[in-house]
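The block underneath contains the structure these notes are about, expressed in structure tokens.
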Amino acid sequence: MALSKRLYEKLKHVWFQTHQHPFVKGLGNGDLPAEAFIRYMKQDYVFLIDYSRLFALGAIKAKDLETMSTFAKLLNDTLHGEMDLHRQYAKRFGITNEQLEATKPAPINLAYTRYMLNVAHTGSLAELVSSLLPCMWSYWEIGKMLKEQYPGSEEHALYGEWIAMYASEEFGSLASWLIRLLDHLAEGISERELSVLEEHFITTSRFEYMFWDMVYQGGDWPV
Ligand SMILES: Cc1ncc(CO)c(N)n1
């Protein structure tokens, strides 16, 4: 069985709970309070800065030019495509790019990005990919789920553009590329090595859930 299939089966319950989270559902039915979305935008903006570094490290660790080029595209698309969505939203709320960039990461945000950066710096390319894959894959799943289960949600005045971006074919094709890359890198490796990849994937899938919950609840430093 391809590793991605095995991981998907194992993590279905975590992803299901993520899809049921009030933040995620609120994006679909439009009930999400704007202040929770603003909190998300700010936290996610600084998340994406570190997340972009993972693609740069992927380009460094790539063994062939095609893989290197796709990581470079992911780096570029994140900095100039995905983060532009956040900048556009921020503008609508009267938040400047400087304010966005100056956001202090909340504890779960910091733990999440430090975890992935540590894996990316110290581990193999397969480890790097297994730790960052839940980000892209779960957002793609959420985008598709919202589009399907909340018809017309893509037209919502506030959350529509967010849904349209993550449900888009372009985002989906890059997520699929990462899934295929992980399956390819995992071919023929030992069960012990597979369990390390699985552990990264489980950890960051949990962090994805916790990130939604953090921005829904507030989730800032207690002292
Ligand atoms: C926390 C988080 N995970 C994944 C993505 C998708 O890139 C994102 N923007 N933010």
Side-chain angles (χ1 to χ4, degrees), residues 7 11 14-15 17-19 21-24 26-27 32 36-58 70-90 100-101 103-117 119-120 128-147 159 161-179 181-182 200-220:
L7 294 172
L11 271 295
V14 175
W15 290 28
Q17 283 201 49
T18 306
H19 291 189
H21 193 280
F23 191 108
V24 175
L27 286 171
L32 181 72
F37 191 66
I38 293 171
R39 203 153 51 222
Y40 162 77
M41 275 295 136
K42 289 179 164 173
Q43 286 296 320
D44 204 48
Y45 196 74
V46 288
F47 171 90
L48 287 173
I49 296 173
D50 282 325
Y51 182 62
S52 298
R53 297 185 211 282
L54 299 170
F55 295 133
L57 288 162
T70 311
F71 274 119
K73 176 171 167 47
L74 280 161
L75 172 62
N76 188 69
D77 284 6
T78 308
L79 292 174
H80 302 292
E82 196 172 347
M83 287 172 76
D84 231 19
L85 179 79
H86 293 53
R87 286 186 284 265
Q88 296 298 331
Y89 271 121
L100 267 184
E101 195 175 336
T103 305
K104 293 270 177 273
I108 286 164
N109 192 0
L110 193 65
Y112 188 2
T113 54
R114 293 316 107 160
Y115 180 87
M116 290 190 291
L117 281 168
V119 170
L128 184 160
V129 175
S130 64
S131 75
L132 76 78
L133 183 56
C135 309
M136 278 201 90
W137 194 358
S138 79
Y139 265 52
W140 185 35
E141 292 289 327
I142 288 170
K144 286 187 296 182
M145 180 278 286
L146 293 176
K147 197 175 151 178
Y159 306 132
E161 284 150 67
W162 190 95
I163 296 168
M165 161 159 290
Y166 294 110
S168 72
E169 278 195 17
E170 170 151 36
F171 190 80
S173 74
L174 286 166
S176 312
W177 177 81
L178 263 185
I179 294 169
L181 177 63
L182 180 64
H200 293 325
F201 194 90
I202 292 171
T203 303
T204 55
S205 294
R206 286 177 159 160
F207 269 132
E208 274 298 317
Y209 177 90
M210 290 168 75
F211 197 97
W212 293 119
D213 203 48
M214 163 190 87
V215 286
Y216 192 68
Q217 312 272 359
D220 216 340

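This chain uses plain numbering: 1 for the first residue, then up along the sequence. Start at 1 and go down the list; that is how both ligands and their atoms are numbered.
- Distances below 4.0 Å separate heavy atoms of Tyr166 from the following atoms of ligand 1: 9 (N).
- The protein non-hydrogen atom at the shortest distance from atom 7 (O) of ligand 1 is Glu82 OE2, 2.8 Å.
- In terms of protein heavy-atom proximity, atom 1 (C) of ligand 1 is closest to Asp44 OD1, 3.4 Å.
- Below 3.5 Å of separation, one finds no N or O of His86 facing any N or O of ligand 1.
- The backbone N or O of Phe201 lies less than 3.5 Å from no partner atom in the side chain of Ser130, so there is not a single donor-acceptor pair.
- Shown here is Arg87, whose CZ atom has more than 12 heavy atoms of other residues, nucleotides or ligands within 6.0 Å.
- Ring-plane geometry between Trp162 and Tyr166 is classed as tilted, the angle between the planes lying from 30 to 60 degrees on a 0 to 90 degree scale.
- Contacts with ligand 1 closer than 4.0 Å are made by side-chain heavy atoms of Leu48 only, the backbone lying farther away.
- Proximity of Met136 to ligand 1, defined as any heavy-atom pair under 4.0 Å, is not found for any part of the residue.
- In summary, the atoms of ligand 1 found under 4.0 Å from a heavy atom of Cys135, numbered by their order in the structure, are 3 (N), 4 (C), 6 (C).
- Aromatic rings of Tyr139 and Trp212 (six-membered ring for Trp) have centroids within the 6.0 Å cut-off, being under it.
- By the 6.0 Å contact criterion, NZ on Lys147 is open, its count of non-hydrogen atoms from other residues, nucleotides or ligands being 12 or less.
- Distances between N or O atoms of Glu208 and those of ligand 1 include at least one value under 3.5 Å.
- Using a 4.0 angstrom heavy-atom cutoff, Tyr51 counts as in contact with ligand 1.
- At a threshold of 4.5 Å between non-hydrogen side-chain atoms, the residues Tyr51 and Thr113 do not count as touching.
- Considering only non-hydrogen protein atoms, atom 4 (C) of ligand 1 sits nearest to Tyr139 CE1, 3.2 Å.
- More than 12 heavy-atom neighbours from other residues, nucleotides or ligands sit within 6.0 angstrom of CD on Gln88.
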